[in-house]
Peer 1: 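Shown below is the structure under consideration.
Quick note on labels: first sequence line is chain A, next is B, and so on, each numbered from 1.
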Number of protein chains: 2
Amino acid sequence: MRKNKVPEPTVARLVQYSHTLENLCRQGTTIVSSEEIAHGAGVFSSQVRKDLACFGEFGTRGLGYNVRELLDQTRTILGVNRPWPVIMVGAGKLARALATYRGFAERNFDIVAVFDNDLTKIGGKIGQIDIHPLETLPAIVGANGVVIGIITVPAGAARPTARLMVDNGLTAILNFARVHIEVPEHVVLHNVDLSAEIGILTFKLCHPFVSFCHDPPA
Amino acid sequence: MRKNKVPEPTVARLVQYSHTLENLCRQGTTIVSSEEIAHGAGVFSSQVRKDLACFGEFGTRGLGYNVRELLDQTRTILGVNRPWPVIMVGAGKLARALATYRGFAERNFDIVAVFDNDLTKIGGKIGQIDIHPLETLPAIVGANGVVIGIITVPAGAARPTARLMVDNGLTAILNFARVHIEVPEHVVLHNVDLSAEIGILTFKLCHPFVSFCHDPPA
């Protein structure tokens with residue numbers, strides 16, 4: 001890492017560059033230009049170069065980037081070059097969609113168990129993954145060295161779920177519940193709020209002449 | 001609208017403020033302070049006031065906000081105060097999770113049809129919604145005045161799906177496929193990339209001392 005401050009959109013784009021590089025690698029391409037990487041993410045090549053510059057020096061001026069090398073480097077920066085044992089709490093429809101989401105496996109998210117307190121779900125499976133009672137969470141987290149938890153419970157159950165995860169040593173939470181949860185400073189929390197995405201879409205539809213700027217107002 | 005440039009995070013937070021106001025309204029609360037609205041979204045009250053100031057003047061200094069009034073105003077700004085007929089292309093597991101996602105109905109997203117080209121799925125249902133063959137998309141879009149399309153097909157099919165949507169007059173697309181798609185300027189496109197969310201999470205886990213800044217590097 002070169003800088004100790006990185007824009008979140010840069011990290012999101014790094015994921016896209018990594019996808020493009022994966023595809024190129026699969027196709028047997030060995031060298032790639034910043035223009036080609038940029039195309040895959042729908043940005044300008046100058047953006048690719050500036051984004052990469054946050055993390056170090058890559059490629060050779062005039063010669064481009066070695067695909068395999070840059071792929072390994074981006075995956076290392078993103079932390080997806082190693083497997084992450086993951087648990088999910090909440091065995092509903094969203095959990096079902098996520099458990100079979102190809103992107104999870106590709107990002108090395110290995111869902112080791114799903115938990116629920118619904119007796120009709122416990123003992124069942126989501127894909128290949130067993131649904132366990134919540135009481136077994138501490139033992140399964142410990143046995144598998146789990147650090148990441150995904151919250152797919154209804155909003156009302158999200159806060160106690162987060163607390164249970166933190167109490168059992170998880171240090172990263174991906175929260176799909178539509179509620180603000182608080183975690184201690186050492187825990188990484190990332191919220192995915194689908195209804196915010198919808199709000200942004202309908203906002204854009206209703207205000208076609210308003211453009212989005214990057215400056216936060218506070 | 002007061003400004004012609006608005007930060008996207010402001011709009012995302014406006015959705016959260018709107019949720020908080022909905023809950024307060026349901027509980028019968030009539031007046032609320034910016035502190036209480038801020039608490040629901042996990043921000044400072046100054047942030048709430050600055051965010052709202054992007055859109056006009058609300059509330060009375062020292063008296064707070066009228067809950068019902070501010071809720072109506074935020075819903076109008078977000079464009080979720082009116083129903084939006086929506087179609088979804090791709091009848092897989094993600095479609096199944098989304099179709100029953102409570103947030104869609106609350107944001108007035110009315111999914112009128114799901115389309116697929118898989119003969120084993122056509123004629124079936126996702127919840128209460130019929131799965132139709134792709135060829136009937138133009139007729140159903142026309143008959144229902146649909147302007148919003150949700151893409152839940154695999155990455156390889158996303159671009160032709162977007163083209164089909166645009167050709168049939170849709171002006172907003174919510175894309176869940178992990179591929180960059182291009183749309184004409186008059187079409188609003190919003191991408192939801194779950195694997196980017198994972199990348200951001202694992203990045204934060206691997207680089208605990210890197211903080212996120214808002215300045216884009218280009």
Peer 1: Taking all non-hydrogen atoms of both residues, which atom of A:Gly40 and which atom of B:His180 are closest, and how far apart?
Peer 2: O-CB, 3.2 Å

Peer 1: Taking all non-hydrogen atoms of both residues into account, name the closest pair between B:Ala97 and A:Ala97 and its distance.
Peer 2: CB-CB, 3.7 Å

Peer 1: Hey, what do you get for NE2 (A:His207) to CD1 (B:Ile77), rounding to the nearest 0.5 Å?
Peer 2: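 Between A:His207 NE2 and B:Ile77 CD1, I get 6.5 Å after rounding to 0.5 Å.
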
Peer 1: Is there a side-chain contact between B:Phe203 and A:Val15 in this structure, where contact means two heavy atoms from C-beta onward sitting under 4.5 Å apart?
Peer 2: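 No, their side chains stay 4.5 Å or more apart.
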
Peer 1: What part of B:Phe104 gets within 4.5 angstrom of chain A, counting heavy atoms only: side chain, backbone, both, or neither?
Peer 2: both

Peer 1: Walk me through whether A:Leu205 and B:Ile148 qualify under side-chain contact (heavy atoms from CB on, under 4.5 Å).
Peer 2: CA-CA 9 Å; A:Leu205 263 176; B:Ile148 300 176; 3.7 Å; yes

Peer 1: Hey, which of B:Val147, B:Val192, B:Val80 has the most heavy atom pairs under 4.5 Å with chain A?
Peer 2: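 Between B:Val147, B:Val192, B:Val80, the count favours B:Val192.
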
Peer 1: Where do B:Cys206 and A:Gly79 come nearest, in terms of heavy atoms and distance?
Peer 2: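 Heavy-atom minimum between the residues: SG-CA, 3.4 Å.
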
Peer 1: Is B:Val188 in contact with chain A via its backbone, its side chain, both, or neither, using a 4.5 Å heavy-atom distance?
Peer 2: both

Peer 1: If you count the non-hydrogen atoms of other residues, nucleotides and ligands that lie under 6.0 Å from NE2 in A:His190, is the total more than 12?
Peer 2: yes

Peer 1: Sort by residue number and list every member of residues 149-163 of chain B having a non-hydrogen atom under 4.5 Å from chain A.
Peer 2: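 Contacts with chain A: none.
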
Peer 1: Could you go step by step and tell me if B:Leu201 and A:Phe109 meet the side-chain contact (heavy atoms from CB on, under 4.5 Å) rule?
Peer 2: CA-CA 11 Å; B:Leu201 190 81; A:Phe109 263 40; 4.0 Å; yes

Peer 1: Rounded to the nearest 0.5 Å, what separation is found between the NZ atom of B:Lys204 and the CG atom of A:Leu78?
Peer 2: 13.0 Å

Peer 1: Going by the rule ring pair (Phe, Tyr, Trp, His ring centres under 6.0 Å), which residues pair with B:Tyr65 if we only count those two or more places apart in sequence or in a different chain?
Peer 2: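 Partners of B:Tyr65 by the ring pair (Phe, Tyr, Trp, His ring centres under 6.0 Å) criterion come out as none, since no residue qualifies.
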
Peer 1: Go through the structure and list residues passing ring pair (Phe, Tyr, Trp, His ring centres under 6.0 Å) with A:Tyr17, not counting sequence neighbours.
Peer 2: none

Peer 1: Counting heavy-atom pairs under 4.5 Å to chain A, which of B:Val187, B:Ile198, B:Val43, B:Leu94 comes out on top?
Peer 2: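 Heavy-atom pairs under 4.5 Å are most numerous for B:Ile198.
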
Peer 1: So do the side chains of A:His19 and B:Asp193 get within less than 4.5 Å of each other, counting heavy atoms only?
Peer 2: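 Heavy-atom side-chain distance check passes, below 4.5 Å.
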
Peer 1: With a 4.5 Å heavy-atom cut-off (strictly below), which parts of residues 169-179 of chain B touch chain A? List them by number.
Peer 2: B:Thr171, B:Ala172, B:Ile173, B:Leu174, B:Phe176, B:Arg178

Peer 1: Surrounding CD of B:Glu35 (heavy atoms of other residues, nucleotides or ligands, distance under 6.0 Å), is the total greater than 12?
Peer 2: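 It does: B:Glu35 CD has more than 12 such atoms within range.
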
